[in-house]
Amino acid sequence: LADEVNAAMPAHVVALVADALNDDARALRGSRVLLLGITYKPDVADLRESPPLEVLRLLRAKGADAAYHDPHVPALELEGARLASATLDDAALREADCVVIATHHRAYDWAWVAKYARVIVDTRNVLAGIPTTARVVKL
């Protein structure tokens, strides 16, 4: 049962992103979605069986302009395409229609992310106790 729940989680995260965008009268197709962290575990470069990688794949399959940033993975292959880790700065966070916190890397300054992002799907509950004006959706 636990395996079934874990296997369904990427689709659940994509549904949360779609719902969050719908609340802003935006469709998932064409929306800019930025995933923070793409690895299986925090602070490592291991992509094997990475749920965030599946989230990225599903978002792109549904037409989202989805990108990732990960300090441990400068580039990756996804369905035959080579993707580079996006630049992460104030503008990237402001321009994203939705930011997905997918991996809890210590390198991220979560208060800074919360300051500039408008809508955040926090799959790791890293924003607990961090003040923000962003709309935060949790698992």
Side-chain angles (χ1 to χ4, degrees):
L1 180 60
D3 284 341
E4 288 178 31
V5 170
N6 287 339
M9 198 53 66
H12 178 65
V13 171
V14 171
L16 290 175
V17 171
D19 288 346
L21 291 167
N22 283 339
D23 288 345
D24 285 343
R26 297 194 57 87
L28 180 58
R29 180 172 301 282
S31 289
R32 285 186 228 144
V33 181
L34 177 61
L35 273 76
L36 298 182
I38 199 75
T39 63
Y40 181 72
K41 292 182 179 179
D43 305 320
V44 298
D46 189 357
L47 288 174
R48 290 174 297 161
E49 298 183 35
S50 170
L53 191 58
E54 179 64 6
V55 170
L56 181 62
R57 189 192 70 72
L58 289 170
L59 286 168
R60 292 170 65 89
K62 291 186 176 290
D65 179 8
Y68 81 95
H69 175 271
D70 193 301
H72 303 282
V73 182
L76 59 84
E77 287 269 334
L78 183 65
E79 296 185 324
R82 183 122 175 108
L83 303 177
S85 181
T87 300
L88 185 60
D89 56 19
D90 301 353
L93 291 170
R94 277 193 303 266
E95 292 168 5
D97 296 306
C98 183
V99 173
V100 178
I101 298 173
T103 308
H104 185 195
H105 292 311
R106 286 182 291 189
Y108 289 126
D109 178 348
W110 299 117
W112 172 74
V113 170
K115 179 179 178 181
Y116 290 103
R118 292 178 283 160
V119 177
I120 302 170
V121 174
D122 183 358
T123 70
R124 299 290 156 208
N125 199 32
V126 299
L127 297 180
I130 295 177
T132 182
T133 58
R135 187 161 44 83
V136 178
V137 176
K138 298 179 182 185
L139 277 183

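The basis for the numbers below is simple: all heavy atoms, side chains too, and nothing from hydrogens, waters or symmetry mates.
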The criterion is side-chain contact (heavy atoms from CB on, under 4.5 Å); which residues satisfy it with [X], sequence neighbours excluded?
X: Asp89; value: Thr87, Ala91, Ala92
X: Lys62; value: Val14, Leu28
X: Ala15; value: none

Which ILVMFWY residues are connected to Val44, directly or by a chain of links, through side-chain heavy atoms under 4.5 Å apart?
->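 Direct or chained contacts put Val44 with none.
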Candidate list Leu83, Val55, Val33, test side-chain contact (heavy atoms from CB on, under 4.5 Å), partner Arg60, passing option =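 That would be Leu83.
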Which one of Ile38, Leu47, Leu56 satisfies the side-chain contact (heavy atoms from CB on, under 4.5 Å) criterion with Leu78?
->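 Per the side-chain contact (heavy atoms from CB on, under 4.5 Å) rule, the option paired with Leu78 is Leu56, out of Ile38, Leu47, Leu56.
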In terms of heavy-atom contacts, does CD of Glu49 have more than 12 from other residues, nucleotides or ligands at under 6.0 Å?
-> no
Might you confirm whether atom CZ of Arg94 has over 12 heavy atoms from other residues, nucleotides or ligands at distances under 6.0 Å?
-> yes
Take His12 and Leu139, measure what side chain to side chain contact (heavy atoms under 4.5 Å, CB included) needs, and give me the verdict at the end.
-> CA-CA 9 Å; His12 178 65; Leu139 277 183; 3.8 Å; yes
Shortest non-hydrogen contact between [X] and [Y], atoms and distance:
X: Ala66; Y: Leu59; result: CB-CB, 3.8 Å
X: Ser85; Y: Asp70; result: OG-N, 3.0 Å
X: Ala20; Y: Val137; result: CB-CG2, 4.0 Å
X: His104; Y: Trp110; result: CD2-NE1, 3.2 Å
X: Ala102; Y: Thr123; result: CA-OG1, 3.6 Å
X: Val100; Y: Val13; result: CG1-CG1, 4.1 Å

Among all residues two or more places apart in sequence or in another chain, which pass the ring pair (Phe, Tyr, Trp, His ring centres under 6.0 Å) test with His105?
->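 So His105 forms a ring pair (Phe, Tyr, Trp, His ring centres under 6.0 Å) with His72, Tyr108.
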Does any pair with a residue in residues 129-139 pass side chain to side chain donor-acceptor pair (under 3.5 Å), and if so which ones, sequence neighbours excluded?
-> Asp24-Arg135, Asn125-Lys138
Given side chains that start at C-beta, do those of [X] and [Y] come closer than 4.5 Å, heavy atoms only?
X: Val113; Y: Val126; value: no
X: Arg118; Y: Asp97; value: yes
X: Ser31; Y: Arg26; value: yes

Under the side chain to side chain contact (heavy atoms under 4.5 Å, CB included) rule, what do Leu88 and Leu36 come out as? Steps first, then yes or no, please.
-> CA-CA 9 Å; Leu88 185 60; Leu36 298 182; 3.9 Å; yes
Under a 4.5 Å side-chain heavy-atom rule over Ile, Leu, Val, Met, Phe, Trp and Tyr, are Val119 and Tyr68 clustered together?
-> no
When clusters are formed by joining ILVMFWY residues with side-chain heavy atoms under 4.5 Å apart, either directly or through shared neighbours, do Tyr116 and Val99 land in the same one?
-> yes
